[in-house]
Structure formats: structure tokens, C-alpha cells
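These figures come from a predicted structure and were not determined experimentally. Numbering of ligands and ligand atoms starts at 1, following listing order.
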Amino acid sequence: MKSKFLLMLISVVFFLNACSKDDNDAAEILETPVANAPKDVNDNGFKAKWNYVSHSKSYLLDVSTSEDFTTILPNYNSKEVTDLNEVVTGLTGGTQYYYRVRAKTEAQISDYSNVISVVTTGSNGIPEDPTFLKIKVNKLANPFFVGMAIKASQLTNGTPYDVILRNEFSSISAEYEMKMDQISTASGVYNWTVADKIVAYGNTNNINVHGHALVWHNAVPQWLKDFSGTDAEFAAEVKKYITDVVTHYAGKVKSWDVVNEAVDDNGGAMRNTIFLQRMGPNYVKDCFQWARNAAIAAGDTSLLLFYNDYATSTNIAKQDKVFAILEDLKTAKVIDGVGFQMHNTYLSPTKAQIETDLNRAVAKGLKIHVSELDIQVNQFNDISNFTNERRLAQKAKYKEMVKIYNALPAANKYALTIWGMKDNESWIPYSTELNHPGNDWPLLYDSNFAVKSSHTGFLEGLD
Ligand code: GLA
């Protein structure tokens, strides 16, 4: 009797246990997988990745060109995969794709994972927006010049440079051929040939010519470095040079960088140049005044005079000193605008830093020239080819810069100039001046003159 009861009890316990186990199984919902960033992104595919889900037997992968998966690529419509990754192939270069996964057992399919977006590298035939920059800019309510740094040798009729320049750009700056060491061969002796070619190209093609730069410590001709006269005679030479160049190009050059980079990088002092040493701290103002006087004497009352410098958005001591100089020039009524070079990187300066810097110029009522824009993606030399991730980061940074510029009040806009056309001819790669240790891809066109995503980013910044 006792044993019979025990047997019954054991059966009941077993029964209950079995029931509860079944209940548990039925209640256990298959966990949703987490999709991870892709690996090995290339021209026509990538490796999609996700996390392990317990009890799952396989995973169902979807790949789509739309974020809401309204259409799914036929080969990747719930494609069953037993691994935790899948090499997706057969895609188009330079295209945005999205993927998501579900986990699967014999009995269940989980919810969809998060969606991961990925752009195939597309080093060839990238379907970028082919709109010409100046065409889009000129349709804005308040347009501005889109500038390009050039060399005279690139201006031959019918070459890719020439065609792209005339299609896309509305302003030019000479990369180095309109500086003092290029034009001035001796006291009062000038070689105008190359600079004249640049100015004539702009004038003939209805492209704005920005003169860069009258006074720069890195472009002092040897004869002036060696000048043995008094300081007053030295100043007279500088005055003569500025007067002669401004007069020569009066009515042909719309604006000049009168002084380039007069402020030091450390502590916001004046840079210790030959001009400071020979002419004293008022030399910047003197140069502006001479340029202004020469223009007026030559009948050009609308010449715009700029002060140009770099790294003011991140170096606040330098920014403060530049703005003290600008204030001084403003009080003397000799300045029209300020050039922010913007040799930037994909990480720096931040949007806020750039805005703060530019807004100080707005507050002073100065025209703003983003005068030498390029955006490095390999300042640490951590990549050996132009990766998809850096391409997108660079695109975003170009877009951000253009957006900031375009948002400026109409009265403060002048030009946004890109410092060179093709990546492989930029001054950035292996630059000793910048201590840049390797290759880089800082511009809007690749070495084959194909527009890059940075160019599309520029266009998107205008929206
Ligand atoms: C500075 C100057 C430019 C040019 C670059 C290097 O930014 O302002 O004229 O020399 O360096 O290309």
C-alpha cells in the first residue's frame, strides 16, 4: 500500500515535471540576433557579421538597397546561413546596402536584428552626383565663388584641368605662382609671364581671380632676404612691390591676400618673420594701406583685401591674435575679409570649432574666404589605401564645411576654395611642412579626374 502510494507520487512528480518542461520549451522565445559592422568591404561586396544566438540552428540573412527592406536582393532574401558571417558578393561598387538577420531553429524564427548599413568601396565607376559644383552654387539664393588652386601649366585649353575648371569652378587662386619670390626677381624687376597667364585665363573665362599672396614669409625672394639697406629702405622695397603688383593687376584681380600667416603657432604672438624684424609690428597694417592706396590710385575702388591664416579654429591663442590684428585693420578701414585656410582632417576641427571661428569674422562684418580647403584622411599613416570608412568620413566632413559656409549671412560670403584638383597632386601626401608621414587622398577628384564622394558631399552640403 505504502509502495503503491510512493509509485503514484513519483508518477505525479514526473508528470508535473514533464508538463512544466514542455511549458518552458514553448515559452522560450528564440533570441533576436545582433548584427555587427561588416568586414572586408570591397568593390562588389562585404562580409556581413552577427552574434551567436543560443539554440539557433541557422540564420536568415536579408540584403537590400533600401533601409526599410521593401525590395530584397534575390540571392539574399532570407538566405539561410549556418555560420556567424556570410560573404556577400555580386554587388555594385559605391552603393549603399543594408543587411539584417534572424535566428532560426526547427520550430521558430526570431525577430529581425538591427539593420547595418554599408557602402561598397566602388573604386571604379562610383555613381556619384555628377552635378557641377558652381552650377548648383549659382542656383542658391546667396551664391558664392567656388575656387580652385591652380598652376599655370594646368590651364592649357582642352585638357581635363581646363574642362573641369570651366565647368565646375568660378574662382582661381595660384597655388604659388603669384607670390613674391615668383614675381620679383630684383628690386623693381618683375617676371609677369606666368602670373599674367593665370590672370588672363580667369579674365577670359569669366572666372574670378583671387590674388595669393602679396606678403608671405615663406616666399621672400633671395635678393630681399639678402637686402643690406636700412630697415626703412627694406620697408620701401616691400611698399614698391605691393604697389607695383596691385597696380599691374588693377581691375583684373578681384581680391588679394595681402599678408599670409603673420601669426605664430605658439602662444598667439606675431610670427617672427623678416617683415616683423625689419618693419616692426605695424607692418601688416602698412602693407594693407599700401595695397589700398595703389588700387585707388589705379582706379580700382572695389579691390577686396584679405588677411589669410591657418589653424585658427583649433588654436585659440592664435585665433585671438588673428582677430586682434583684424580689429586693428578694421579700425584703419583697410581690410575687407579674412581667409581661413582650412587644411583640415577627417577628425578636426569640429563643426563647433569652425563655426565659432567663422562667426567671429561675421561679428566683425568681414567677408569670409575658406581659402585652401583640403581634408586629410591619413594623417596618422594608419591606412595604405583609401578605405571605404575614410571615404565616407571625408565626404561627411566636406559636407559639413560646405553647410557651415553656405549658412553664413550673404554679406559675409565670398569664396570657398579647394586646394588642388587631384589627390595625387595635392601638397599633403608626404608633406615635410606638415610632418605628414604617408600617402593621402584629401581632394575632390582621384588621380583619374573622377569625382570622389567628397565631391558629392560638397553638393549635399548645399541642400
Ligand atoms: C600655405 C600657403 C599656400 C601654400 C600651402 C601649401 O597654406 O598659404 O600658399 O603654399 O601652404 O600648398
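The proximity of Tyr310 to ligand 1, defined as any non-hydrogen pair under 4.0 Å, does not occur for either the backbone or the side chain. With a 4.0 Å heavy-atom cut-off, ligand 1 is reached by the side chain of Trp216 but not by its N, CA, C or O. Within the 4.0 Å heavy-atom criterion, neither part of Asn218 lies near ligand 1.
For the residue pair Trp223 and Ser184, a side-chain donor N or O sits within less than 3.5 Å of a side-chain acceptor on the partner. Neither side chain, His248 nor Asp244, offers a donor N or O lying under 3.5 Å from an acceptor on the other. Side chain to side chain, Glu261 and Gln341 meet the donor-acceptor criterion of an N or O pair below 3.5 Å. Checking Ser313 against Asp357 by side-chain atom types alone, a donor-acceptor pair falls below 3.5 Å.
Listed by number with element, the atoms of ligand 1 under 4.0 angstrom from any heavy atom of His343 are 7 (O). Interface of Gln341 with ligand 1, defined as ligand atoms under 4.0 Å from a residue heavy atom, comprises 1 (C), 7 (O), 8 (O). Shown in contact with Asn260 at under 4.0 Å from a heavy atom are these atoms of ligand 1, numbered in order with element: 2 (C), 8 (O). Using a 4.0 Å cut-off to heavy atoms of Glu372, the atoms of ligand 1 that qualify are 1 (C), 2 (C), 3 (C), 5 (C), 7 (O), 8 (O). Heavy-atom contacts of Glu175 reach the following atoms of ligand 1: 9 (O), 12 (O) (cutoff under 4.0 Å). Interface atoms of ligand 1 facing Trp427, defined by a heavy-atom separation under 4.0 Å, are 6 (C), 12 (O).
Ring centers of Trp256 and Phe288: at least 6.0 Å apart, outside the cut-off. Remark: aromatic rings of His436 and Tyr430 are distant, center separation not under 6.0 Å. Annotation: Phe306 is in aromatic contact with Tyr414 [ring centroid separation under 6.0 Å].
Taken to the nearest 0.5 Å, the CH2 atom of Trp50 stands 8.0 Å off from the OH atom of Tyr99.
Residue Asn308 has no N or O atom closer than 3.5 Å to an N or O atom of ligand 1. Taking distance alone, with nitrogen or oxygen atoms compared against 3.5 Å, Lys179 approaches ligand 1 more closely than that limit.
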Show the numbers, then the answer: is there a ring-ring contact (aromatic ring centres under 6.0 Å, His included) between Phe275 and His217? CA-CA 7 Å; Phe275 303 106; His217 64 280; 8.3 Å; no
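Looking from atom 9 (O) of ligand 1 to the surrounding protein, the closest heavy atom is His212 NE2, 2.5 Å. Considering only non-hydrogen protein atoms, atom 12 (O) of ligand 1 sits nearest to Trp419 NE1, 3.0 Å.
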